[in-house]
Amino acid sequence: MTRSRGWVLETSSRSQDALDSLIKQASLALVPAVVKLDLTYACNQKCVHCCVVPERREDLSLEEIRVLFAEIADKGCLYLSLSGGEIFLRKDLPDILEEAQRCGFSLRLMTNGSLIPPEMIPRMRKYRVGEVDVSLYGDTAEVHESVTRVAGSFEKTVASIRRMREAGIRIKIGLIILKQNIHRFRQMVDLAESLGTTWNLDGSILRRFDGSEAPLAFQVPVSELADVVEYRERRMPDLKHMKEAWNREKWLEGVPCGAGRAMCTISPYGDVFPCSVMPMLAGNIREQSFAEIWDHSEVLKRVRAIRRRDLETCATCELAPFCVLCPGRSVLDNGSLTEPSLFRCSETAIHRDVYEKIYLEGGSCDEPRE
Amino acid sequence: MAEVMEQVMVHNADAAARVIDGEAFIITPHDNQIHNLTGVAARVWELGGEGLTVQRIVERIVEEYDVKPEVAKRDVISFVRDLAQRKIVTLK
């Protein structure tokens with residue numbers, strides 16, 4: 001048989017390009033390549049901004065998780081994120097990791113880092129843990145613990161990060177920016193870098209999944225996030241690439257994101273959602289197989305049907321080249337898949353302002369750090 | 001070159017990998033990088049799962065694609081060396 005495809009023997013070397021290709025390809029083929037499983041909503045910290053709402057239902061058992069892993073592997077899952085709550089509260093976590101490894105996933109663990117048993121760390125590599133994401137809320141115990149509301153949590157988290165780095169585990173620190181710590185965000189980045197980790201600055205706080213707006217009291221007003229966005233862009237240029245790569249016609253024809261097409265989130269109770277922020281229940285794996293939900297859920301069909309062209313406000317918005325569309329955030333903020341989240345719109349305006357300041361007003365992303 | 005041709009190309013058993021609509025996505029654990037192989041590249045990698053020598057992989061590629069044997073041999077050898085360097089496969 002002669003195949004007609006071009007003779008190109010090469011590997012896409014830029015990881016971001018390869019990841020974009022994965023999401024694009026999986027979105028077209030409707031393969032859940034990226035799955036997030038929340039193992040429990042129990043947590044040892046009491047973070048002021050937490051959006052999780054624990055219920056009285058039982059967490060998925062190890063046996064239920066085994067069945068689920070086999071099903072999502074069969075459907076093509078490649079990246080599996082295990083999150084919570086705090087995943088290290090589960091006593092059977094080593095068994096869960098072993099099962100995930102057996103199913104061939106690339107694993108990402110999301111944790112507050114304060115409960116990781118030192119003896120567990122050397123085993124993470126064996127379990128094919130590609131990255132551990134740790135949340136940090138300050139560069140000092142005082143600031144961090146004003147968010148976690150647990151004395152001693154800062155020292156424990158930092159000690160775990162050090163141990164994992166010594167063991168060669170890749171760490172990304174999620175620096176969550178709140179009213180409590182915005183004055184220290186540069187020092188928080190310095191701490192992350194001194195620990196030898198990558199980092200991300202995130203100033204986006206979600207309302208609770210039951211609709212409560214309590215966490216939003218800690219959200220930094222978007223207008224005050226400009227410094228954070230500018231700092232991030234100068235250190236990790238992204239807006240420039242977004243702007244230069246943007247093409248309106250292609251953009252309009254595309255899907256807003258991979259939610260429900262290439263990715264999904266599963267709660268500790270087996271509820272399946274299109275993504276981690278979109279509170280639209282697609283089904284429950286205790287009542288149906290994952291494959292039945294993925295292939296036949298009416299909710300997923302609704303989410304998959306949307307094209308950017310259908311987002312009336314967004315389709316004509318002049319800020320579109322700077323926008324990371326998030327229908328999940330739209331649903332969470334205003335109950336609509338197609339009406340934009342005003343938070344996102346304000347954030348996007350900041351992106352545009354920062355882009356113009358850095359790239360159009362004679363600045364450079366290579367300017368020295370403050 | 002002759003030595004490489006006799007070696008067997010084997011997938012890195014520690015790498016996570018999936019093929020989606022003919023494209024291979026492989027995550028190497030030592031650097032947590034994702035690699036994307038399309039077209040012939042994906043096919044060569046796929047053949048690595050069958051425990052074939054590089055010689056046999058070249059022959060299969062020549063059977064399946066409209067390509068001259070000498071071109072296939074040169075390109076496949078260069079490509080599998082690149083895959084081995086990235087620890088996507090091993091040559092045994």
Side-chain angles (χ1 to χ4, degrees), chain A residues 1-34 72-80 100-108 124-133 168-172 198 261-262, chain B residues 11-47 49 54 57-58 60-68 70-89:
Chain A
M1 179 183 69
T2 298
R3 298 185 187 203
S4 59
R5 288 177 294 192
W7 183 254
V8 181
L9 273 174
E10 60 182 19
T11 310
S12 176
S13 55
R14 273 195 62 214
S15 201
Q16 187 57 48
D17 290 347
L19 184 60
D20 289 348
S21 295
L22 172 65
I23 300 294
K24 187 178 168 191
Q25 196 74 1
S27 286
L28 289 171
L30 299 181
V31 169
V34 181
I72 61 175
D74 192 48
K75 294 298 282 181
C77 174
L78 177 60
Y79 273 111
L80 176 67
Q101 193 266 338
R102 206 182 60 75
C103 288
F105 306 125
S106 178
L107 270 178
R108 181 167 70 137
M124 285 184 184
R125 289 185 78 106
K126 182 191 131 198
Y127 296 137
R128 202 158 30 196
V129 173
E131 184 178 271
V132 179
D133 288 13
I169 309 286
R170 288 176 176 271
I171 314 271
K172 181 187 269 184
T198 57
R261 304 181 65 94
Chain B
H11 289 172
N12 177 351
D14 290 331
R18 295 283 186 266
V19 176
I20 301 174
D21 267 5
E23 290 195 20
F25 297 91
I26 305 137
I27 302 168
T28 41
H30 70 285
D31 55 4
N32 200 33
Q33 291 290 299
I34 178 167
H35 308 272
N36 177 208
L37 307 177
T38 61
V40 194
R43 181 64 182 143
V44 170
W45 176 82
E46 214 170 28
L47 290 168
V54 176
I57 290 172
V58 171
R60 291 281 293 271
I61 291 296
V62 170
E63 287 166 18
E64 295 180 11
Y65 292 85
D66 185 15
V67 59
K68 291 179 179 168
E70 61 273 22
V71 173
K73 182 178 174 181
R74 182 196 65 205
D75 288 1
V76 168
I77 286 174
S78 165
F79 179 62
V80 297
R81 280 181 171 150
D82 182 44
L83 292 181
Q85 199 168 17
R86 294 170 193 267
K87 299 185 180 173
I88 295 171
V89 302

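Everything numeric here is computed off the predicted structure, so don't read it as measured data. First the proteins, then the strands, lettered A, B, ... as listed; each starts at 1. Just so you know, these numbers use all the heavy atoms, side chains as well, and skip hydrogens, waters and symmetry mates.
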Please state whether the side chain, the backbone, both or neither of B:A24 comes within less than 4.5 Å of a heavy atom of chain A. neither
With sequence neighbours left out, the residues meeting side-chain contact (heavy atoms from CB on, under 4.5 Å) with A:K75 are A:P32, A:F290, A:A291, A:W294, A:D295
So CZ of A:R108 and CD1 of B:I27: to nearest 0.5 Å the spacing works out to 11.0 Å
To check you understand the geometry: which heavy-atom pair defines the closest contact between A:S106 and B:A16, and what is its length? N-CB, 3.6 Å
Using a 6.0 Å cut-off, check whether atom CD of B:Q85 has over 12 heavy atoms from anything other than its own residue. no
Just verifying a value: how many Å separate B:D14 CG and A:K126 NZ, rounded to the nearest 0.5 Å? 11.5 Å
Strictly distance-based, threshold 3.5 Å: is any side-chain N or O of A:R128 a donor or acceptor partner for the main-chain N or O of B:P29? no
B:R60 meets the salt bridge (Lys or Arg N to Asp or Glu O under 4.0 Å) criterion, sequence neighbours left out, with B:E50, B:E64
Just do the side chain to side chain contact (heavy atoms under 4.5 Å, CB included) check on A:L28 and B:D21 with the steps written out, would you? CA-CA 9 Å; A:L28 289 171; B:D21 267 5; 5.6 Å; no
Are the side chains of B:I20 and A:L22 in contact, using a 4.5 Å heavy-atom criterion? yes
Taking A:A33, A:C103, A:G104 one by one, which has the highest count of heavy-atom pairs under 4.5 Å against chain B? A:G104
Taking all non-hydrogen atoms of both residues into account, name the closest pair between A:R170 and B:H30 and its distance. NH2-O, 3.8 Å
Check: A:Y79 and B:I34 side chains under 4.5 Å, non-hydrogen atoms: yes
Value rounded to 0.5 Å, distance of CG in A:L19 from NE2 in B:H35: 12.5 Å
